[in-house]
Amino acid sequence: MNNADVAAALDEIAELLELRNESTFRIRAYQNASKALTGITEDVRVLADSGRLVDVKGVGKGIAERIEELLSTGKIGYLDDLRREFPAGVRSLLAVPGIGPSLARRAYLELGVQSLEDLKLAAESGRLAELPGLGEKSAQNVLRALGRVSKREHRISIGKAMPLVEELIADLQAVQSLPNLMPAGSLRRWSPTIGDIDLMATSSDPAAVMDAFVNLPQVRQILGHGATKSSVVTDNGLQVDLRIVEEAAFGSLIQHFTGSRDHNIELREYALNMGLSLNEYGITAASTGAVRMFTDEREFYRALGLAWIEPELREAQGEIRAARDGTLPHLVGVEDVRGDLHVHSDWSDGAVPIESMITAAEDRGYAYVAITDHSGGIGVANGLSPDRLIEQMGLVRQLAERHPRIRVLCGSEVDIRRDGTLDFPDEILAQLDWVVASVHSGFNQTEEQMTARIIRAMENPHVDALGHPTGRLIGKREPYAVDLEQVFRAAARTHTALEINSFPERLDLSDRHARRAIELGATLVVDTDAHAPAHLDNIRYGIAMARRAWATADDVLNAYSFDALQAWLRNGEP
DNA sequence: GCCGTTTTCGGCCCGACTGTTTTCAGTCG
């Protein structure tokens, strides 16, 4: 029973309350509590044992009692009662876009619908259209919605979405000059996964822009083609919307469409307390009805008494309060990165020779780079034996002399074995400048085993960083069970840097986890885990996660100068 | 059901679109 399990139970209560047509505020309370538990790394059991559940914002006395019941008895009586009212199949209807709680409830209570299949039959037979308030069009919409369920396109990683959008923007700019053209939505917030793309622009000739947009070569399907908004699907299945507004409202427009939804909700609640109402067209004073418009998003926030909030922070995680108090962090940027400390070559599973990777790092203007090929335990990755590692060290030191503009560190990505020992003996590790330790096998260990295993590895004095700390592959593999609170505390204690791995399908640590790691005093290292020169460019995704984790340059080891890095390696301080 | 730099009670984001109705409910983002 972990945080995700508790959150799932609260979400289920919320959905069943929706079906029951309960107060939207009670429903939202359960949804908020669920989201709050998902976003923290502290174990819900620990919080419950110490009576601190109600300290979580969004969890009050009532929901805390439900959680405690779930933890102590394995079930929630209230949830069981709700489940008796609505079979599980009715809940599954809610997952269909276009079908809400009202339709699901009525289809069940008035037509006996208990599954997607039942609903399809009811719509086809005309029984659905006979319900008061519904009609033939509603039934057709339900059938279309059901038809889309099976072939629903999934969210894609930001690593796939960002290059595609950059290409789209360049192609569109080539046809129509659009000085304000920019992405909004989850892409602008550098969210790890992207559902669809929202592009925003201003133009004196919107019709021409829209024509150019829907006729771009990568457009596979045109969903809508209007004067101010068009939607297309590109050849890799991504939906892209383009909106054009007059320049006078551009500031509030991009604010609105950048979101996140939760950020906007909190911002509007905050504004309401000041007697102001917010929407995409501007700020309305409740007392006079006067609307103030904004060309500039910074002015929009300033009008609310807030510092401008970086898009990466707009997740309703305390950024509005910080903007009011003037305590927003100065976020680390890609320009702060001085080196990459996790890079592979063709000595293990990389694509190119060591020198090519050194040159690539040099070309990026880095001050240092660490060559970190796999250890022998990774059979599939052509891991290095102790003898090969010693041979490689000799070569790396030679190459380092040939490249005086960049400091080249002899490193290793050493495998953490199941018992927490490392794949190289200490006397070998002691000769290296930089050691990343990572888990690559035995993912099914219990949380206790995995936590002890990782902490034991971090306690080895030769280990400098923990690679991809949770092992997740977005959309492919869940993180292994591990108590991150303990890992983060151990990282702070042992001066082991925690990696944010920049590979788009890893992004591990996640933003939330990385933020908690910083809170607990740990230092991050943002690496690319590059297996080819082009992978060094992925650093922007890792840095984006660090920014979403509220990290400053002081929190990121490879934003340090080479001397500060060496000092940190010696005594844990720059 | 939760919450508080105007509140421990009385609030709780906002608008577009659709389909069904003549003023609104449902759904979505």
Side-chain angles (χ1 to χ4, degrees), chain A residues 10 13-14 16-37 53-67 76 78 93-107 128-142 144-145 148 155 184-186 189 191 194-198 223-224 226 228-229 231 239 241 243 245 249 252-253 255-284 286 291 304-306 316 320-321 324-326:
Chain A
L10 297 178
I13 291 176
L16 290 166
L17 291 176
E18 282 191 302
L19 287 173
R20 215 195 213 186
N21 201 20
E22 291 265 354
S23 149
T24 53
F25 304 115
R26 178 173 298 164
I27 293 163
R28 214 176 108 189
Y30 278 96
Q31 290 168 337
N32 285 341
S34 166
K35 239 179 281 183
L37 292 180
L53 278 175
V54 290
D55 292 348
V56 179
K57 192 169 174 290
V59 177
K61 195 160 166 286
I63 291 181
E65 281 176 12
R66 308 253 189 246
I67 295 172
I76 302 176
Y78 181 58
L93 303 181
L94 296 177
V96 182
I99 294 177
S102 172
L103 184 66
R105 174 176 59 250
R106 297 191 58 196
L128 191 66
E130 285 169 11
L131 291 180
L134 297 181
E136 191 48 41
K137 282 195 171 175
S138 303
Q140 290 308 316
N141 283 340
V142 164
R144 265 200 300 277
R148 278 194 299 268
R155 297 177 71 86
S186 51
R189 301 197 313 276
S191 180
I194 309 291
D196 52 27
I197 307 290
D198 290 305
L223 299 174
T228 61
K229 181 190 167 186
S231 292
Q239 181 176 331
D241 297 349
R243 272 167 223 276
V245 288
S252 54
L253 180 89
Q255 195 289 319
H256 177 83
F257 282 104
T258 297
S260 67
R261 177 188 159 84
D262 289 342
H263 172 82
N264 282 354
I265 287 174
E266 199 176 307
L267 193 66
R268 288 180 196 136
E269 284 172 349
Y270 169 80
L272 267 188
N273 283 331
M274 305 168 68
L276 301 171
S277 173
L278 312 180
N279 63 28
E280 56 265 57
Y281 307 110
I283 298 179
T284 307
V291 179
L304 299 171
L306 301 174
I320 292 170
R321 179 181 295 249
R324 185 196 64 197
D325 298 344

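Proteins come first, then strands; the chains are lettered A, B, ... in the order of their sequence lines, and each starts at number 1. Keep in mind that what you see is a predicted model, and the values were worked out from it rather than measured.
Counting any heavy atom pair closer than 4.0 Å across all strands shown, A:R106 reaches no nucleic acid atom. Contact annotation for A:N264: no contact, since no heavy-atom pair falls under 4.0 Å across all strands. At the heavy-atom level, A:S277 lies under 4.0 Å from the strands shown only through sugar-phosphate atoms. Within the 4.0 angstrom heavy-atom criterion, no nucleotide atom of any strand lies near A:F257. Among the atoms of the strands shown, only primed sugar atoms or phosphate atoms (P, OP1, OP2) are found under 4.0 Å from some heavy atom of A:I63. Backbone-only contact: A:E280 has heavy atoms under 4.0 Å from sugar-phosphate atoms and none from a base. Within the nucleic acid shown, A:G58 comes within 4.0 Å of sugar-phosphate atoms alone, with no base atom in reach, counting heavy atoms only. Note on A:L272: only backbone sugar-phosphate atoms sit closer than 4.0 angstrom, heavy atoms only; bases stay farther off. No engagement by A:L267 is indicated, since no non-hydrogen atom pair under 4.0 Å with the nucleic acid exists.
A search for salt bridge (charged side-chain N to carboxylate O under 4.0 Å, His left out) contacts involving A:R321 returns nothing, not counting sequence neighbours. For A:D262, the salt bridge (charged side-chain N to carboxylate O under 4.0 Å, His left out) partners two or more places apart in sequence, or in a different chain, are A:K35. With sequence neighbours left out, A:K137 forms a salt bridge (charged side-chain N to carboxylate O under 4.0 Å, His left out) with no residue at all. Taking A:D196 as the reference, nothing meets the side chain to side chain donor-acceptor pair (under 3.5 Å) condition, with sequence neighbours excluded. Not counting sequence neighbours, the partners of A:E22 by the salt bridge (charged side-chain N to carboxylate O under 4.0 Å, His left out) test are A:R20, A:R26.
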*Would you please test A:D241 and A:I197 for side chain to side chain contact (heavy atoms under 4.5 Å, CB included) and show each step?*
CA-CA 6 Å; A:D241 297 349; A:I197 307 290; over 6 Å; no
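B:dT8 and B:dC2: their C1' atoms are spaced 12 Å apart (whole Å). Only the C1' atoms considered, B:dT7 is 9 Å distant from B:dG11, to the nearest whole Å. As rounded to the nearest Å, B:dA16 and B:dC3 have C1' atoms that lie 30 Å from one another. Nucleotides B:dC13 and B:dG29 have their C1' atoms positioned 12 Å apart, rounded to a whole Å. When the C1' atom is compared between B:dC17 and B:dG10, the two are found 32 Å apart, to the nearest whole Å. Nucleotides B:dT27 and B:dT20 place their C1' atoms 14 Å apart, quoted to the nearest Å. Nucleotides B:dG19 and B:dC12, compared at atom C1', are 28 Å apart to the nearest Å. Nucleotides B:dT22 and B:dC28, compared at atom P, are 23 Å apart to the nearest Å.
The structure places CD1 of A:I13 at 12.0 Å from CD of A:Q31, a figure rounded to the nearest 0.5 Å.
Note that the first and last nucleotides of DNA chain B, 5' to 3', having any atom under 4.0 angstrom from a heavy atom of chain A are B:dG1 to B:dG29.
Shown here, B:dT7 is classed syn by the O4'-C1'-N9-C4 or O4'-C1'-N1-C2 angle, which is within 90° of 0.
Taking for each of A:L103 and A:E269 the nucleotide of DNA chain B with the nearest heavy atom, the 5'-most of the two is the partner of A:E269. Both A:Y78 and A:L134 lie close to DNA chain B; mapped to their nearest nucleotides by heavy-atom distance, the more 5′-ward contact belongs to A:Y78.
Base pairing of B:dA25 is made with B:dT18, judged by Watson-Crick or G-U wobble geometry with both donor-acceptor distances under 3.5 Å.
A salt bridge does not link A:E130 to A:R106: none of the charged nitrogens lies less than 4.0 Å from a carboxylate oxygen.
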